[in-house]
Amino acid sequence: MDGIRQVFAGMPWWVKWVAVPLLALFVFGGVITSILGALVSLVFKLLLFVGLVGGLIFVVKKFSGSSSKASSREW
């Protein structure tokens, strides 16, 4: 680790803070975008699942509530 620090110690600030991160994005950009895409897809599917389950619960409660009230009136 000290060897890396010594190499970067003699470099200008723009090499450390601009050029190296840009090179990392260029080399690993595909990996980063695929990981971010997978995370966004997972979050979207999770929110869709929660919404569908919530809608299902709402519909079941609405119809079972109205049918139980109607059946209690019949008795």
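Everything numeric here is computed off the predicted structure, so don't read it as measured data. Side-chain atoms are counted along with the backbone in the values below, which use heavy atoms only and exclude waters and symmetry mates.
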Exercise answer: donor-acceptor pairs, residues 43-58 side-chain atoms, under 3.5 Å, sequence neighbours excluded:
none

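- In this structure, S64 contributes its side chain and V60 its backbone to a donor-acceptor pair below 3.5 Å.
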Using atom types as modelled, flag every donor-acceptor pair under 3.5 Å from a side chain in residues 7-34 to any protein atom, sequence neighbours excluded.
{"residue": "T33", "atom": "OG1", "partner": "G29", "partner atom": "O", "Å": "3.0"}
{"residue": "T33", "atom": "OG1", "partner": "G30", "partner atom": "O", "Å": "3.0"}
{"residue": "S34", "atom": "OG", "partner": "G30", "partner atom": "O", "Å": "3.2"}
{"residue": "S34", "atom": "OG", "partner": "V31", "partner atom": "O", "Å": "2.8"}

